[in-house]
Amino acid sequence: DSGVTQTPKHLITATGQRVTLRCSPRSGDLSVYWYQQSLDQGLQFLIQYYNGEERAKGNILERFSAQQFPDLHSELNLSSLELGDSALYFCASSVVAGADTQYFGPGTRLTVL
Amino acid sequence: GQNIDQPTEMTATEGAIVQINCTYQTSGFNGLFWYQQHAGEAPTFLSYNVLDGLEEKGRFSSFLSRSKGYSYLLLKELQMKDSASYLCAVRSGGYQKVTFGTGTKLQVIP
């Protein structure tokens, strides 16, 4: 158990819908990262927050957005969902923005039908 | 941009040694990670190298050559539970973004 929690574990929805994925970092960690992992693909970095501020942006679609709240939990919002958005979404946390290690949560499996 | 290359799949025998290679091209290199990921599960941290040389941690060792843009993960005394994907990841850039390779799927056979 990494100490990072993600909810929900599974999510099934329809095309065109909007969903919110939630992440709580390890106690004391200030930095949160979001990744997308599609079938047979590597982890694609989406976005990083540090202490409430956006720090780095990767291959995140305009239909996706995220934020980190004062209590340091983070939410990833996915809208106008398409079939291709079906994937595992991982959240990771680290103590600081450039920490040696990122600790990953168990992931949310999103299925868009 | 960044480019990270790893073999897609490897097979090795229980009890043997296997070496998984990773080559990368990036600017502002600031460290290389290896993660293990079992199917459908979260990646777990294995090792971190920022200086040239070998880092040993139990059955797992990781090597880095910054001048060659090359790293390898060495797994000794392979066990069936080592069957997993092994992800090479590079940290670089001003904000130290971490970019993952597509991973090497290792199958350990009896």
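Throughout, protein chains are lettered first and strands after them, A, B, ... in sequence-line order, and every chain is numbered starting at 1.
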Checked B/G103, B/S85, B/G31, B/P43 vs chain A; the most non-hydrogen pairs under 4.5 Å come from B/P43
Atom pair CG/CD of A/L88 and B/E41 - distance to nearest 0.5 Å:
10.5 Å
Closest contact, heavy atoms only, B/V98 versus A/F45:
O-CB, 4.1 Å
Excluding sequence neighbours, so at least two apart, what forms salt bridge (charged side-chain N to carboxylate O under 4.0 Å, His left out) with A/K57?
none
Same cluster or not: are A/Y103 and A/V95 linked, directly or through other Ile, Leu, Val, Met, Phe, Trp or Tyr residues, by side-chain heavy atoms under 4.5 angstrom apart?
no
Membership question, hydrophobic clusters at under 4.5 Å side-chain separation (ILVMFWY): are A/L110 and A/L61 in the same one?
yes
To check you understand the geometry: which heavy-atom pair defines the closest contact between A/G105 and B/A42, and what is its length?
O-CB, 2.9 Å
So for atom CD, which belongs to B/E77, do other residues, nucleotides or ligands contribute more than 12 heavy atoms lying within a distance under 6.0 Å?
no
Heavy-atom distance under 4.5 Å between the side chains of A/Y35 and B/F100, does that happen here?
yes
Tell me whether B/Y35 contacts the main-chain N or O of A/Q102 through its side chain, where contact means a donor paired with an acceptor under 3.5 Å.
yes
Which atoms of A/Q37 are under 4.5 Å from chain B, going by heavy atoms: the side chain, the backbone, both sets, or neither?
side chain
Check whether A/L113 and A/L21 end up in the same hydrophobic cluster, where Ile, Leu, Val, Met, Phe, Trp and Tyr are linked by side-chain heavy atoms less than 4.5 Å apart.
no
Can B/L46 be reached from A/F104 by stepping across I, L, V, M, F, W or Y side chains whose heavy atoms are under 4.5 Å apart?
no
